[in-house]
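One-based numbering along the sequence shown. Being a predicted model, the structure only gives us computed values, none of them experimental.
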Amino acid sequence: MKKIFNITFLGLTLVTCIGFSSNNFKNLKKSKNYTLASYTKIGNASTNLTSEAAKKIALNHAKVSENNATFTKIKLNTSNGKSVYNIQFFVNGKEYNYTIDANTGKVY
């Protein structure tokens with residue numbers, strides 16, 4: 001009985017993870033500036049902000065339009081025990097790098 005429960009639990013967990021990953025991939029395909037290689041989700045990190053929200057925070061901070069920006073990296077990492085988005089983009093040859101707290105939206 002315990003074996004059946006463990007197998008069922010493992011199966012449900014796997015299905016949930018696959019469903020979550022496929023939804024993220026669908027969202028990535030909709031955006032022209034993202035590549036699968038430049039987007040990473042780590043472990044069980046819980047965040048209040050989506051990568052899209054973090055991207056908008058970086059653009060607003062840089063005071064540039066999304067239409068002029070070419071994104072090369074949007075990556076979810078941990079830094080000092082906090083989940084952060086590392087974002088890199090270029091506008092007219094100028095490089096912008098941002099680290100944004102994935103829970104508060106604070107720009108570092």
*Contact summary for Ala102 and Leu76, nearest pair of heavy atoms*: CB-CD1, 3.9 Å
*Give a yes or no on whether the backbone of Val84 and the side-chain of Tyr108 come within a donor-acceptor separation of less than 3.5 Å.*
no
*asked:* With side chain to side chain contact (heavy atoms under 4.5 Å, CB included) as the criterion, how do Leu49 and Ile57 come out once you've worked through the C-alpha distance, each side chain's angles and the decisive distance to 0.1 Å?
replied: CA-CA 10 Å; Leu49 295 177; Ile57 290 169; 3.9 Å; yes
*Are the side chain of Tyr85 and the backbone N or O of Ser51 linked by a donor-acceptor pair below 3.5 Å?*
yes
_I'd like to check Asn103 versus Lys82 (side-chain heavy atoms, cut-off strictly below 4.5 Å). Are they in contact?_
no
*Taking all non-hydrogen atoms of both residues into account, name the closest pair between Thr72 and Gln88 and its distance.*
OG1-OE1, 2.7 Å
_I need the Leu59 CG to Tyr96 OH distance, nearest 0.5 Å._
10.0 Å
*With rounding to the nearest 0.5 Å, note down the distance linking CG in Asn97 to NZ in Lys73.*
6.5 Å
*To the nearest 0.5 Å, what is the distance between CD (Glu95) and OG1 (Thr70)?*
12.5 Å
*Enter the distance from Glu66:CD to Lys56:NZ here, rounded to the nearest 0.5 Å.*
6.5 Å
*Evaluate the ring planes of Phe89 and Phe71, with Trp represented by its six-membered ring, and classify them as parallel (under 30°), tilted (30 to 60°) or perpendicular (over 60°).*
tilted
